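Residue numbers begin at 1 in each chain, while the letters A, B, ... track the order of the sequences. If you're wondering where the values come from, they're calculated on a predicted model, not measured in any experiment.
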There are 2 protein chains.
Amino acid sequence: MAISPARTNRTTDPMDVPDVVVERLPLYVRVLASFEERGIEMVSSEQLGSQLHMTPAQIRKDLSYFGRFGKQGRGYNVKALALRLREILGLDRTWNACLVGVGRLGRAIISYPGFAPEGFKIVSAFDMNPAVVGTTVDGISVDAISEIKPVVERLGIAIGIVAVPATAAQQVIDCLVEAGIGAILNYAPISAHAPGKVKIKNIDPVMSLQSMTYYLKT
Amino acid sequence: MAISPARTNRTTDPMDVPDVVVERLPLYVRVLASFEERGIEMVSSEQLGSQLHMTPAQIRKDLSYFGRFGKQGRGYNVKALALRLREILGLDRTWNACLVGVGRLGRAIISYPGFAPEGFKIVSAFDMNPAVVGTTVDGISVDAISEIKPVVERLGIAIGIVAVPATAAQQVIDCLVEAGIGAILNYAPISAHAPGKVKIKNIDPVMSLQSMTYYLKT
DNA sequence: GTTTGTGAAGGATTTCACAGCA
DNA sequence: TGCTGTGAAATCCTTCACAAAC
């Protein structure tokens, strides 16, 4: 009876957290950061929910997959919760990424200033076009596609960003998977699929528009 | 007994179609287009499903919200189904859009060649910076934010694309809603909310990366 | 034989509602 | 009192499985 009746700490379990929950965590991290900036120390699920347009119950349930971070009657400590969620998401470190496809879009992605402050560093770029290979874009040298595997291994790159034309995208994705990449951010207008354990997210503004027009028809 | 026992044609009903279903329709449109290009006339839910990595049942169920488009034993007519889905989504016309925020990202969006072929035309741009107002970017003249409402009304703009810094985004979104915009594509790194019937989609590459890192921790 | 369209079953996610703690 | 954490209920979404149609 000396053993605590508390359930095992979920934080250490590899427990199956629904994907939808994981996808909401960055939202919480972001809103917590904004509370932190305003110097607020404690926050309730009610306050988080009104900020995010979600029910407080959902926030509490989501957090409960990872541990018990709140105090009854008081809420959550902003700084502590933000720190903990960052740890859980693996945001307490820097991640190396590579870009494939150095066209117009690819160049915009390399120059995008939003990645670095969040710990995502594009350290390498690849392209098929021999006229581009060997050049440097924003300090990143462009290599041939055939170099993907050795470079990914040498630089410890875990994330691939795909910005090639639709016709080349699946090939490039297969190539990245083969190289041992763990996550892919795909900007090509195909709903790409990555085999095995590799995570993939598609960013497709045209598809976003195409579903919204459904609700637009006067 | 003269009345057909068939249920009312859902196509004409304002029936409540789940959002998840609407979001998948553009996927179907796209894959049907690729079958069409290859000259294939009929296609089964099985074939569509293997192409899209979805179960055939889900595709059939999704389509059944809008009507009965298939023939037993044969499948779907590629051309006819594509046409019908485009109609349902409102893609059988052109949509005018405006861009708010003509910084680096905004310029990339204006120059992005993927919108026009799908019927989305950026016809107007706005910015807060007086140094940018009055200039022309890729043939689009940049107006002051205060001009949003009159311009949106005059040009019949239904879609707003937001590419301003996070701090200004919610203000801009409110302004677009006030101007009578029906759908918003938000590139600012906030999880924005639009009041009332206005649809909004957030495009946030950093958040996409931040949830994928959860699965990356070795 | 093949494949659709769809009720019913099953699974996943969200919300409810309240015991328990500060 | 105020708010969390969480089983149970409710809702939403996907898959099954089969009659009907070709």
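Proximity note for A:Val20 (side chain, C-beta onward) versus C:dC21, C:dT14, C:dT4: the nearest is C:dT14. Relative to the side chain of B:Thr55, the nucleotides D:dT15, C:dT6, D:dT14 differ in distance, and D:dT15 lies closest. For A:Tyr76, counting side-chain heavy atoms from C-beta on, the closest listed nucleotide (D:dA17, D:dC13, D:dG5) is D:dG5. For A:Pro18, whose side chain is taken as the heavy atoms from C-beta onward, the closest listed nucleotide among C:dT13, C:dA8, D:dG5 is C:dT13. Distance from the side chain of A:Arg60 is smallest to D:dT6 among D:dT6, C:dT6, C:dT4. You'll find that the side chain of A:Arg74 is closest to C:dA22, out of C:dT6, C:dA22, C:dT13. Residue A:Ala57 places its side chain closer to C:dC16 than to any other of C:dC16, D:dT14, D:dG2.
Formation of a donor-acceptor pair under 3.5 Å by the A:Ser50 side chain with backbone atoms of A:Gln47 is found in this model.
Straight-line distance from the CG atom of A:Leu63 to the P atom of D:dT6: 11 Å, rounded to whole Å. One atom, OH of A:Tyr65, and another, P of D:dT4, lie 18 Å apart when rounded to the nearest Å. One interatomic measurement links the two molecules: CZ of A:Arg24 to P of C:dT13, which rounds to 9 Å at whole-angstrom precision. Atom CG of B:Leu81 and atom C1' of C:dG5 are 14 Å apart (whole Å). Rounded to a whole Å, the CD1 atom of B:Ile59 is 10 Å from the P atom of D:dT15. Atom CZ in B:Phe69 sits roughly 14 Å away from atom P in C:dT4 (whole-Å rounding). The NZ atom of B:Lys71 sits 19 Å away from the C1' atom of C:dG1 (whole-angstrom rounding). Atom NZ in B:Lys61 sits about 13 Å away from atom P in C:dA9, given to the nearest Å.
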Going through the checks in order, is the side chain to side chain contact (heavy atoms under 4.5 Å, CB included) test met by B:Asp92 and B:Leu83? CA-CA 8 Å; B:Asp92 52 351; B:Leu83 195 72; over 6 Å; no

Any chance you could lay out the side chain to side chain donor-acceptor pair (under 3.5 Å) test for A:Asp62 and A:Gln58, step after step, and finish with the verdict? CA-CA 6 Å; A:Asp62 282 0; A:Gln58 177 159 72; 5.0 Å; no

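Proximity of A:Arg68 to the phosphate of D:dT6: a side-chain N or O atom is located under 4.0 Å from OP1 or OP2. OP1 and OP2 of D:dG2 both lie 4.0 Å or more from every side-chain N or O belonging to A:Gln72.
Taking CE from A:Met42 and CG from A:Leu81, the interatomic distance works out to 10.0 Å, rounded to the nearest 0.5 Å. The line from OH of A:Tyr65 to CG of A:Leu25 is 11.5 Å long, rounded to the nearest 0.5 Å.
Annotation: proximity of residues 39-48 of chain A to DNA chain D (heavy atom, distance under 4.0 Å) is found for A:Ser44, A:Ser45, numbered in ascending order.
A:His193 and B:His53 have parallel rings, their planes meeting at less than 30° on a 0 to 90° scale where 60° marks the start of perpendicular.
With DNA chain C read from its 5' end, the first of the two nearest nucleotides for A:Gln58 and A:Gly73 is the one closest to A:Gln58.
Counting non-hydrogen atoms under 4.0 angstrom, A:Pro56 reaches nothing in the nucleic acid.
Salt bridge annotation for B:Asp19-B:Lys199: present, with a cationic side-chain nitrogen under 4.0 angstrom from a carboxylate oxygen.
Annotation: A:Lys201, atom NZ; neighbour count of heavy atoms from other residues, nucleotides and ligands within 6.0 Å is above 12.
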